[in-house]
Enquirer: 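Structure in structure tokens, see below.
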Amino acid sequence: MTATHDIARVTVIGSGLIGASWAALACSRGLTVTAYDPSAQRRAELPSVVARLRGQLLALRADSDGRLQVVDNLPGAVQDADLVLESAPERLDLKVALLAEIDRHSDTDTIVATSTSSLLLSEMTATCRNRARFIVAHPFNRPHLMPLVELFGTDQGVLDRAEHFFRSLGKHTIRLKREVHGHIANRLGAALWQEAVHLVAEGVAEVADIDAALIHGPAMRWAVQGTHLTYHLGGGAGGIRHYLDHLGPSQEKRWETLGRMRLTPEIKQALIDGIEAEAAGRSVADLEAERDRFLIDLLQLRGHTG
């Protein structure tokens with residue numbers, strides 16, 4: 001693998017929420033982005049979606065003069081790419097076939113990064129010839145705003161090159177030491193949501209109040225320091241050592257009562273009813289716009305310019 005950090009030609013495969021967001025971010029950084037989606041309708045809509053997302057980024061930093069080029073075939077999209085950002089739907093059979101096709105049509109030193117949120121790289125690249133150049137680069141939705149990118153791969157040189165690129169886009173990268181379903185952030189989110197669903201199922205509180213407890217409690221601290229440092233401070237002057245020695249047993253008692261949930265029809269309906277009540281008539285688009293406004297404000301507060 002080449003040791004160069006020069007990634008100038010970026011291709012986005014898939015133009016859904018993640019792909020369009022990646023394209024907008026790269027274009028805002030002055031890069032020429034080639035994009036392909038098998039849907040002709042999505043290809044036609046992509047320029048306007050990217051323009052709208054780039055408009056959001058203007059609140060964080062000046063937009064550089066990047067360009068979006070939409071093509072109608074995969075071989076033409078990937079043949080000259082330095083980096084391919086694959087953001088196809090989360091289906092193993094689809095990913096296996098797609099990554100093998102990208103492998104056939106791209107240069108051998110092109111980095112291919114999949115945005116998978118839960119699949120294993122080893123399984124997705126099972127039929128690829130040049131597996132070392134494939135990596136997981138899992139962004140947190142939405143990539144043009146959220147800083148996190150989780151990286152996993154088998155070739156350290158490839159990872160170094162990719163990490164340099166993502167950091168040049170303003171991303172905060174972390175590396176997994178071994179692959180695991182859901183990586184890190186989604187596993188943490190899944191664990192938290194399981195207990196939130198358990199609280200609904202047990203009738204402890206309404207959906208809106210459970211969300212409020214998170215927003216106005218732990219989430220505010222977690223936006224500054226992660227869960228490990230939060231408990232370190234919970235130990236006072238003695239830090240985590242004191243917390244584990246003196247409060248560890250109470251933590252274990254809470255762990256023992258956490259729920260293991262199945263999404264039965266009854267629980268699904270309880271969640272649907274509770275979320276509809278919490279949304280109070282606001283559409284998904286309304287809620288997305290509200291979320292994005294708050295994300296931009298939070299990024300500005302943290303001095304993150306994207």
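Treat the numbers as computed from the prediction; the structure is a model and nothing was measured.
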Enquirer: In Å and rounded to the nearest 0.5 Å, what is the CG to CD distance from Leu74 to Gln79?
Expert: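 Here the interatomic distance stands at 10.5 Å.
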Enquirer: State whether the side chain of Glu179 and the backbone N or O of Phe152 hold a donor-acceptor pair below 3.5 Å, judged by distance alone.
Expert: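 Side chain of Glu179 to backbone of Phe152, a donor-acceptor pair under 3.5 Å: no, none is there.
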Enquirer: Going only through I, L, V, M, F, W and Y residues with side-chain contacts under 4.5 Å, is there a path from Val84 to Leu94?
Expert: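 Looking at the clustering, Leu94 is in the same group as Val84.
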Enquirer: List the steps, then state whether side chain to side chain contact (heavy atoms under 4.5 Å, CB included) holds for Leu188 with Leu192.
Expert: CA-CA 6 Å; Leu188 293 172; Leu192 176 64; over 6 Å; no
Enquirer: Is Phe294 linked to Leu298 within one hydrophobic cluster, defined over Ile, Leu, Val, Met, Phe, Trp and Tyr using a side-chain heavy-atom separation of less than 4.5 Å?
Expert: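 Different clusters.
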Enquirer: Counting neighbours of CG on Asp65 that are heavy atoms of other residues, nucleotides or ligands and sit closer than 6.0 Å, is the number greater than 12?
Expert: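 Open: at most 12 neighbouring heavy atoms sit under 6.0 Å from CG of Asp65.
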Enquirer: What salt bridge (charged side-chain N to carboxylate O under 4.0 Å, His left out) pairs are there with at least one residue in residues 272-294, not counting sequence neighbours?
Expert: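 Of all non-adjacent pairs touching residues 272-294, those that pass salt bridge (charged side-chain N to carboxylate O under 4.0 Å, His left out) are Arg142-Asp292, Arg282-Glu290.
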Enquirer: Would you check if Ile111 and Phe165 make a side-chain contact, meaning some heavy-atom pair closer than 4.5 Å?
Expert: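 Not in contact.
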Enquirer: CG of Leu25 to CG of Leu169: how many Å apart, nearest 0.5 Å?
Expert: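 That separation rounds to 4.5 Å.
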Enquirer: Output the rest of the hydrophobic cluster of Leu120: all Ile, Leu, Val, Met, Phe, Trp and Tyr residues reachable through side-chain heavy-atom contacts under 4.5 Å, sorted by chain and number.
Expert: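 Joined to Leu120, directly or through intermediates: none.
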Enquirer: At their closest point, which heavy atom of Thr173 faces which heavy atom of Glu163, and how far apart are they?
Expert: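 Here Thr173 and Glu163 meet closest at OG1-OE2, 2.7 Å.
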Enquirer: Are any of the side-chain nitrogens in Lys95 or Glu86 under 4.0 Å away from the carboxylate oxygens of its partner?
Expert: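 Yes, this pair counts.
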Enquirer: Are any side-chain N or O atoms of Lys171 and backbone N or O atoms of Pro139, one a donor and one an acceptor, separated by less than 3.5 Å?
Expert: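 No; zero donor-acceptor contacts below 3.5 Å.
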Enquirer: Do you know the tightest heavy-atom contact between Ala24 and Leu57?
Expert: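 Scanning both residues, the minimum pair turns out to be O-CD1, 4.0 Å.
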Enquirer: Clusters formed by hydrophobic residues whose side-chain heavy atoms approach within less than 4.5 Å: which one holds Leu258, and what are its other members?
Expert: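 Listed partners: Trp255.
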Enquirer: Should Val33 and Val49 be regarded as members of a common hydrophobic cluster, given that ILVMFWY residues are connected when their side-chain heavy atoms come within less than 4.5 Å of each other, either directly or indirectly?
Expert: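 Hydrophobic grouping puts Val33 apart from Val49.
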Enquirer: Is any side-chain heavy atom of Gln269 closer than 4.5 Å to one of Glu266?
Expert: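 No. Closest side-chain heavy atoms not under 4.5 Å.
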Enquirer: Looking at Arg254, I want to see if its CZ is surrounded by more than 12 non-hydrogen atoms of other residues, nucleotides or ligands under 6.0 Å.
Expert: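 Correct, the count exceeds 12.
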Enquirer: Test of understanding: clusters of I, L, V, M, F, W, Y form through side-chain heavy atoms closer than 4.5 Å, transitively. Do Trp193 and Ile275 belong to the same one?
Expert: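 Hydrophobic grouping puts Trp193 with Ile275.
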Enquirer: To the closest 0.5 Å, what do you measure between CG (Asp6) and CZ (Arg9)?
Expert: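 So the CG of Asp6 and the CZ of Arg9 are separated by 10.5 Å.
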Enquirer: Linking Ile, Leu, Val, Met, Phe, Trp and Tyr by side-chain heavy atoms under 4.5 Å, what else ends up with Ile240?
Expert: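 Under the 4.5 Å side-chain rule, Ile240 groups with Tyr231, Tyr243, Leu244, Leu247.
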Enquirer: After noting the C-alpha distance and the side-chain angles of Thr32 and Gln69, does the key distance pass the side-chain hydrogen bond (donor to acceptor under 3.5 Å, both in side chains) rule?
Expert: CA-CA 7 Å; Thr32 296; Gln69 173 184 332; over 6 Å; no
Enquirer: Quick one: are Met146 and Leu295 in side-chain contact, heavy atoms under 4.5 Å?
Expert: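 Side-chain contact under 4.5 Å: yes.
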Enquirer: How about Gln156 and Arg175: do any of their side-chain heavy atoms sit closer than 4.5 Å?
Expert: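 Yes, their side chains come closer than 4.5 Å.
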Enquirer: Side chains of Ile174 and His172: does their closest heavy-atom pair fall under 4.5 Å?
Expert: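 Side-chain contact under 4.5 Å: yes.
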Enquirer: Taking only distance into account, with no hydrogens and no angle test, what donor-acceptor pairs under 3.5 Å do side-chain atoms of residues 11-22 form with protein atoms, sequence neighbours excluded?
Expert:
residue : atom : partner : partner atom : Å
Thr11   : OG1  : Ala77   : O            : 2.6
Ser15   : OG   : Asp37   : OD2          : 3.1
Ser21   : OG   : His144  : N            : 2.7
Ser21   : OG   : His144  : ND1          : 2.6
Trp22   : NE1  : Ser115  : OG           : 3.2

Enquirer: Sequence neighbours excluded and cut-off under 3.5 Å, please list the side-chain donor-acceptor pairs for residues 203-229, or say none.
Expert:
none

Enquirer: CG/Asp82 to OG/Ser106 distance, rounded to the nearest 0.5 angstrom?
Expert: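 One finds 11.0 Å between CG of Asp82 and OG of Ser106.
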Enquirer: Counting only N and O atoms by type, is there a donor-acceptor contact under 3.5 Å from the side chain of Asp155 to the main-chain atoms of Ala132?
Expert: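 No; judged by distance alone, with no hydrogens or angles, the pair does not exist.
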Enquirer: Would Glu195 and His198 count as a side chain to side chain contact (heavy atoms under 4.5 Å, CB included) if you check the C-alpha gap in whole Å, the side-chain angles of each, and the deciding distance to 0.1 Å?
Expert: CA-CA 5 Å; Glu195 183 55 25; His198 178 236; 3.2 Å; yes
Enquirer: I need the Arg187 CZ to Ser117 OG distance, nearest 0.5 Å.
Expert: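 It is 12.5 Å, given to the nearest 0.5 Å.
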Enquirer: So, do Glu150 and Asn186 sit near enough that their side-chain heavy atoms are less than 4.5 Å apart?
Expert: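 Sidechains of Asn186 and Glu150: no contact.
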Enquirer: Would you mind reporting whether Leu46 and Arg42 have side-chain heavy atoms less than 4.5 Å apart?
Expert: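 In short, these two side chains do not touch, never coming nearer than 4.5 Å.
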Enquirer: Answer yes when Arg131 and Asp103 have at least one side-chain N-carboxylate O distance shorter than 4.0 Å, and no when they do not.
Expert: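 Between Asp103 and Arg131 there is no salt bridge, as every charged N stays at least 4.0 Å from the carboxylate O atoms.
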Enquirer: Hey, any chance Leu92 and Val180 share a hydrophobic cluster, counting ILVMFWY side chains that come within less than 4.5 Å of each other, even indirectly?
Expert: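 Cluster IDs for Leu92 and Val180 match.
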Enquirer: How many angstroms lie between CG in Leu53 and CG in Leu145, if you round to the nearest 0.5 Å?
Expert: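 Answer rounded to 0.5 Å: 8.0 Å.
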Enquirer: Please examine the side chains of Arg133 and Asp109, heavy atoms only from C-beta on, and report whether any two atoms are closer than 4.5 Å.
Expert: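 No, too far: nothing below the 4.5 Å cut-off.
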Enquirer: Run Gln300 and Ile296 through side chain to side chain contact (heavy atoms under 4.5 Å, CB included) and show every step you take.
Expert: CA-CA 6 Å; Gln300 290 173 325; Ile296 290 169; 4.0 Å; yes
